[in-house]
There are 2 protein chains.
Amino acid sequence: MVEETVSAALTLKDIAREAGVSLATVDRVLHHRPGVRPDTVRRVQEIIARNAFQPHVAAAELARGRARRFAFVMPTGANPFMQQIEAYLREMSGWLAARRLSVELVNTDVFDPAVLAASLEALSGNYDGIAVVALDHPGVRAAINDLVDAGTKVVTLVSDVPSSRRHHYVGIDNIAAGRTAGALVGRLVGQKSGKIGIIAGSQGLRDHAERIFGFNQVMASEFSHLDVLPLLEGRDDDDRSEQLISRLLGKHPDIIGLYNVGAGTQGVAKALTEAGREKQVVFIAHDLTAMTRRLLLQGALDAAISQNPGHEARAAVRVLLSLARNEPILSEQENIRIDILMRDNLP
Amino acid sequence: MVEETVSAALTLKDIAREAGVSLATVDRVLHHRPGVRPDTVRRVQEIIARNAFQPHVAAAELARGRARRFAFVMPTGANPFMQQIEAYLREMSGWLAARRLSVELVNTDVFDPAVLAASLEALSGNYDGIAVVALDHPGVRAAINDLVDAGTKVVTLVSDVPSSRRHHYVGIDNIAAGRTAGALVGRLVGQKSGKIGIIAGSQGLRDHAERIFGFNQVMASEFSHLDVLPLLEGRDDDDRSEQLISRLLGKHPDIIGLYNVGAGTQGVAKALTEAGREKQVVFIAHDLTAMTRRLLLQGALDAAISQNPGHEARAAVRVLLSLARNEPILSEQENIRIDILMRDNLP
DNA sequence: GGTGTTTTGAGGTACGCAACTCATTTTGAG
DNA sequence: CTCAAAATGAGTTGCGTACCTCAAAACACC
């Protein structure tokens with residue numbers, strides 16, 4: 001009925017005694033320091049393993065006494081999603097301070113590869129770990145690899161550079177996110193046939209391009225009766241998006257679905273409501289903001305596909321910390337989910 | 001460009017020096033020990049606040065030197081969702097051991113209020129904290145309150161007893177989950193009219209009852225053209241559920257939607273496919289298991305509404321730990337989301 | 001057997017805080 | 001002013017680990 005899950009409470013001293021060696025030797029084995037005969041190493045490791053010995057993290061942390069410094073390289077500008085991540089990082093300040101960790105925000109133009117690469121180079125050597133919202137570009141890739149070579153732990157955030165040697169990616173699979181958007185549009189329009197509009201910030205952004213790819217994949221293979229209109233580029237701007245969508249709605253009275261890949265959702269929604277067609281058109285967008293929340297509650301937006309910014313902020317910090325300490329990463333915990341948010345499951 | 005987020009590294013000694021008092025007095029203030037004049041308390045607290053001083057958790061943990069014992073009271077039986085929570089708890093064993101925490105699993109018949117209450121009483125005094133999948137019943141409520149009065153921290157898990165004085169609830173809002181299910185059924189059936197079947201484990205279970213309530217709420221207010229059939233009780237059993245649904249499908253050829261509130265999804269799916277109607281009927285169920293994953297990929301299940309068992313396991317442990325240490329709880333982190341899982345956003 | 005090298009032991013210090021004791025100073029009431 | 005009570009200072013100990021030094025022991029090689 002009661003299942004014990006080990007209470008251990010062994011210390012290094014116990015291990016030393018059981019192995020018949022001194023504390024120093026156990027320490028050498030534990031930290032892979034030289035000067036121990038191979039079979040002694042084996043014997044000690046075996047005892048450590050048999051007893052499932054785990055160093056007391058608090059004691060280790062205290063003894064190590066090192067304050068870790070991390071930097072988060074985030075885009076300048078008013079992207080609400082990024083601002084939410086930054087806000088959660090600030091909210092963590094107490095948690096961080098209590099662990100003698102510091103996180104510094106570095107805002108830069110992540111869309112200019114040269115600027116981003118230069119920003120990364122400038123950080124080299126000053127931090128134990130760096131999280132970066134990265135553009136996938138050869139210059140950026142090289143900058144990341146340089147950091148890694150210099151011993152800095154690097155995590156890509158939200159947007160990945162898979163070809164680099166970054167240690168980890170914290171973010172969603174954007175192709176899957178696009179597929180999810182496609183499936184939602186296709187399913188929610190019901191039995192109707194008609195046209196589907198799609199607007200993105202820019203096709204040059206890797207995450208947008210991937211979402212578009214996933215979206216088109218699903219539309220082509222499963223909803224081929226729906227006619228996906230050519231992509232519009234709203235540059236993540238409300239006004240521009242509104243204009244483009246207004247024109248689109250005017251030109252195509254038979255639009256039954258809209259997918260906004262990036263920001264500018266407020267503009268799209270405004271165009272929809274001003275045309276008086278928010279009830280007839282299925283509208284799917286990304287990210288949970290005050291705006292998209294309101295639109296969901298009003299019914300103007302049918303679903304928001306989102307990644308939890310708080311989770312991403314915490315996961316990035318935890319991953320950097322685990323990497324810095326050479327501890328294993330709990331992948332299940334750090335895996336970011338693609339959330340489908342509708343009116344009734346808003347957090 | 002670079003925004004510093006405090007690196008502090010202050011210690012108690014620094015606070016004492018700045019306040020012009022001794023370490024002992026700072027310690028008294030920090031731990032609300034008696035014997036300090038009110039205005040001295042105020043002065044010290046002000047200095048602590050001004051410097052945003054945070055005791056080094058590792059040092060505090062080490063000095064306190066207490067191993068915390070927690071118990072998780074979980075249902076006996078083969079409920080896959082509960083088994084996943086237990087699996088994640090076991091997976092955390094390394095993490096727990098490194099922090100000198102122990103988590104013991106106690107399996108009991110949580111559906112029998114007397115048995116559950118007795119199990120809880122039996123644990124009294126032996127644990128710093130208890131997480132319990134609780135039945136909402138006066139006897140259970142009393143047992144929880146007794147534990148709380150005895151100084152044990154109590155967290156309800158998955159199923160709440162809001163009328164008790166439990167310290168925290170880790171789980172989803174089941175009314176909202178039911179509403180979400182209703183909205184999904186209503187939206188996914190499209191323009192069609194017809195009947196909607198609904199099957200639950202038992203109306204006596206609070207979480208099931210709440211989901212049913214939320215579901216009916218949405219169906220009545222927004223999809224009144226759909227005819228919700230009387231509730232079936234499948235007792236979370238595959239075979240029984242299959243029989244009931246088979247009979248239902250036979251009796252109503254115009255069923256266009258099905259909602260399974262509890263377990264037994266495999267049985268429902270089997271009935272659907274054997275009737276050859278899995279493509280015509282919108283089917284919504286709960287929880288992500290190997291089974292529901294397969295059904296989603298096959299298209300037999302249209303969406304699974306789930307709560308992340310790994311997140312719940314970790315959140316419960318973290319909340320218990322924070323409560324035991326009298327630390328604040330990061331509500332945003334511990335808040336469990338209602339996940340909508342479809343084929344393309346499966347984790 | 002002697003030499004030099006490698007391996008091991010013994011021990012210390014420091015990390016920052018909790019928790020405690022006991023002596024001393026300050027305060028307030030009478 | 002006196003005296004007890006309250007407030008405060010000064011100090012100690014221990015938590016478990018990391019990291020370091022130095023000496024002693026074991027070993028390998030010729």
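Here is the naming used below: chain letters follow the sequence lines, and residue numbers restart at 1 for every chain.
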By nearest-heavy-atom nucleotide on DNA chain C, the more 5' of B:Leu62 and B:Arg33 is B:Leu62
May I ask you to verify if any side-chain N or O of A:His31 is less than 4.0 angstrom from the OP1 or OP2 atom of D:dA18?
yes
To the nearest angstrom, the CG-C1' distance between B:Asp27 and D:dT13 comes to 14 Å
Here the pair of heavy atoms bringing A:Ser163 nearest to A:Arg141 is OG-NE, 2.8 Å
Per-nt protein contacts along nucleotides 4-10 of chain D (heavy atom under 4.0 Å; B base, S backbone sugar-phosphate only, - none) come out as ---SBBB
To the nearest angstrom, the NE2-C1' distance between A:His56 and D:dA18 comes to 15 Å
Paired to D:dG11 by Watson-Crick or G-U wobble criteria (both distances under 3.5 Å) is C:dC20
Any side-chain heavy-atom pair from A:Leu157 and A:Phe72 closer than 4.5 angstrom? yes
In terms of heavy-atom contacts, A:Tyr127 and A:Phe70 come closest through CD2-C, 3.7 Å
Strictly below 4.0 Å, N to O, side chains only: are A:Glu61 and A:Arg99 in salt-bridge contact? no
**Item:** Any B:Val170 side-chain heavy atom under 4.5 Å of B:Val155 side chain
**Value:** yes
Taking every heavy atom of A:Glu312 against every heavy atom of A:Ile336, the minimum-distance pair comes out as OE2-CG2, 3.4 Å
Checklist entry - Do the non-hydrogen side-chain atoms of B:Leu23 and B:Leu12 ever get within less than 4.5 Å of each other? => result yes
Whole-Å distance, B:Arg100 CZ to D:dT17 C1', equals 10 Å
When rounded to whole Å, the NZ to P distance for the pair A:Lys13 and D:dG14 reads 10 Å
The first and last nucleotides of DNA chain C lying within contact of chain A, meaning any atom under 4.0 Å from one of its heavy atoms, run from C:dT7 to C:dC17
To the nearest 0.5 Å, atom CD1 of A:Ile48 lies from atom CD of A:Gln54 at 10.5 Å
